[in-house]
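Report on the structure given below.
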Amino acid sequence: MSLLEIRNLHARVGGHEILKGIDLQVNAGEVHSIMGPNGSGKSTLAQVLSRREAFEVTEGAILFHGKDLLAMKPEEAACEGIFMAFQYPVEIPGVGNAYFVRTALNAIRKYRGLDQLDAMDFLPLYREKMRLLDMDEQFMNRSVNEGFSGGEKKRNEILQMAMLEPSLAILDETDSGLDIDALRIVAQGVNAMRSPDRAMIVVTHYQRLLDYITPDFVHVLVDGRIVRSGGADLALELEEKGYVSIESEARQTAPASA
Amino acid sequence: MGSSTETIRDLTQQDYKWGFVTDIESERVPRGLTEDTIRLISAKKREPAFMLDWRLKAFRHWSSLEKAQAEPQWANVHYGPIDYQDIIYYSAPKQKPSLKSLNELDPEILRTYEKLGIPLAEQQRLAGVAVDAVFDSVSVATTFKEKLGELGIVFCSFSEAVEKYPDLVRQYLGTVVPHTDNFFAALNAAVFSDGSFVYVPKGVRCPMELSTYFRINAAETGQFERTLIIADEGAYVSYLEGCTAPIRDENQLHAAVVELVALDNAQIKYSTVQNWYPGDKQGRGGIYNFVTKRGKCAGRNSKISWTQVETGSAITWKYPGCILQGDNSVGEFYSVALTNNYQQADTGTKMIHLGKNTRSTIVSKGISAGHGQNTYRGMVKILKGATGARNYTQCDSLLIGDQCGAHTFPYIEVKNSTARMEHEASTSKIGENQIFYLQQRGLKAEEAVSMIVNGFCKQVFRELPMEFAVEAQKLLGISLEGSVG
């Protein structure tokens, strides 16, 4: 059984159909990259997978661990093991980072019937992951994302991911707004989390991030459909030729499906 | 909107958990208000002549205001006319005239406080809190009196203070909130039946939190308590009040007065968690909370700090303020006011700077949900002699849903050119993106809203004593139930 199985997924937002029949299988241990031009539906796919309600599924099915993902609320999907690193992480004034992550972790643990972690159990773990991402300790008590630079926000996303240990991590344009040093640190954090029982979907516009995170599969999304799938070298080809030529090549042959 | 909208609604529509009625025999005065009512209340309390005179003077003043229809109209709240002759001004549980111990207190009353989470038996109390329990018009029990007595601290009901410490009462009563202050303060001065009295002697730091728990039980009665706290030179005291009432369809009037006096180098910290019955989801019933609270920093380097968490009442009308008379004195006001369903709040503070180098800080957090209307009204006045005075004001409003309102009326009056004033204000709305972000991390929508609101209120909650900060957080979550939508 695949970790994630997407079948003929159609979705719309604000009355516009964005996804027009996506098929995709992701197995545990794999890293998939979804690439595509602006407006192709990359982010919509990420939002649908994390169950944001404004993104309406009109057709198709998604199975996650064999369960019907589309019947889940966002928090249920999260507790089942889906984590999304946001393209634009949200600020929550007055709520400290450590407190926030511990609350989230305990909500997930409660859902799974596990004991709650108190601050004494939690903090050493949190500090360790912070070091991995080269983050200062004082960061713990700052409010969630408030006044953070773009790079700090993205690092905070990866830190949360490292703490919540999802079975499926979706990175939505995590490279946007990052300078090269921050990109390297973020990629390092992501790579450290690759494991045989975890899959990742890396949504990105540019090949740049894939210099640091090498995917097992690359899928090119154009106008709501996957037009080509391949290995890591497909990303390089894209970088060279651009989306337009891939798109026209794809039109000449039959639409690919993974 | 879908589930997050529904959750906001569910969150703000949770039921009021303190709405039960205690079945107890009580003694009441006849409905209505005349000089005879005042005489009767005063006689029941066996008050000395100076008290009766003071009450009558206040009553005559109030009557003239009532004739002139001078009930305040300027607040941003709306309610039908109050028939002051249709209120019962005194209701007391029938009990022995003087209780020697808690064992003599009516067990129904003890049970009431236990149900409210305020056990009065001392061995069950949090070690650090002494409680005065006011039930309808009278104080029924005060705990830890002896322990406090060893330090010379007086903590008792107002009635007892009139009897045992008439000189202190006489010296300070009405010096901060005179009976002529406003319509409701005049009414309170005329009919107030009990409340708490605190005196902390020179140089004494009160070792525990002092707390009063107010409970309105009887129907058709008003509650008019009066609290007077005096911190003598170099003294420190932290005081907390909490309040609840049963669910009733009619509105009930609560018109309290609180006076604080801080002498040289003294400090008073006054915290309120107000949870009077707010009315039902359609806005029926609930308490009219028309309260006058003021502190006077009479001495040099004195400090008075108000912290309030206002989640209850159909209508809240209160402006706890500070008169900064002593040089270098400090006034603070930290407030969280939440209005949900059809609740209305017009609340804020007054900081009157008289002394040199006086400083005041105002942090107000208004949260509106449902059809709630939330108004911040604040006045900062710097008088001529207040050289070097400073004020910092921050008022933030948070809106949940699109049926509610937030309003801000800051008044600033400066008569000394050396004054420094800062004013910051913001209005924000809980966004779907914030709720979704927290949901994506595993929190339910109502937990998400509660976390966002608590974060918004953090600056105020950290001013509360520890146990009460936890209580306040929970209360806020409960008061918000049904608001996510």
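Residue numbering restarts at 1 for every chain, and letters A, B, ... go by the order of the sequence lines. Hydrogens, waters and symmetry mates play no part in the numbers below; they use all other heavy atoms, side chains included. Quick caveat: nothing in here was measured; it's all calculated off a predicted structure.
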Contacting region of B:Phe456 [heavy-atom separation from chain A under 4.5 Å] | backbone
Taking atom types as modelled, find out whether A:Asn145 and B:Tyr437 have a side-chain donor-acceptor pair closer than 3.5 angstrom.
->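 Side chains of A:Asn145 and B:Tyr437: pair found under 3.5 Å.
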Are any of the side-chain heavy atoms of B:Gln434 and A:Pro93 separated by less than 4.5 Å?
-> yes
Measure the [atom1]-[atom2] distance between [X] and [Y] for me, rounded to the nearest 0.5 Å.
| X | Y | atom1 | atom2 | result |
| --- | --- | --- | --- | --- |
| A:Glu75 | B:Gln440 | CD | CD | 10.5 Å |
| A:Gln47 | B:Phe436 | CD | CZ | 5.5 Å |
| A:Arg51 | B:Gln439 | CZ | CD | 11.0 Å |
| B:Asn433 | A:Arg52 | CG | CZ | 6.0 Å |

Using non-hydrogen atoms and a limit below 4.5 Å, what part of residues 97-134 of chain A faces chain B?
->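 Those residues of residues 97-134 of chain A which have a heavy atom under 4.5 Å from chain B are A:Tyr99, A:Phe100, A:Thr103, A:Ala104, A:Ala107, A:Ile108.
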Residue part contacting chain B, namely of A:Pro166, when any heavy atom lies under 4.5 Å = neither
With only heavy atoms counted, which part of A:Glu91 is less than 4.5 Å from chain B, the side chain, the backbone, both or neither?
->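 Backbone only.
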Mind ranking A:Ser50, A:Pro89, A:Gly94, A:Cys79 by heavy-atom pairs under 4.5 Å with chain B and telling me who comes out on top?
-> A:Gly94
Return the option, out of B:Arg441, B:Lys458, B:Gln459, with the maximum number of heavy-atom pairs under 4.5 Å with chain A.
->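 Most pairs with chain A among the choices: B:Arg441.
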Answer yes or no: are there more than 12 heavy-atom neighbours, outside B:Lys269 itself, under 6.0 Å from its atom NZ?
->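 Enclosed: over 12 neighbouring heavy atoms sit under 6.0 Å from NZ of B:Lys269.
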Taking side-chain hydrogen bond (donor to acceptor under 3.5 Å, both in side chains) as the test, write out the residues that go with B:Tyr411, two or more places apart.
->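 For B:Tyr411 the side-chain hydrogen bond (donor to acceptor under 3.5 Å, both in side chains) partners, ignoring immediate neighbours, are B:Arg377.
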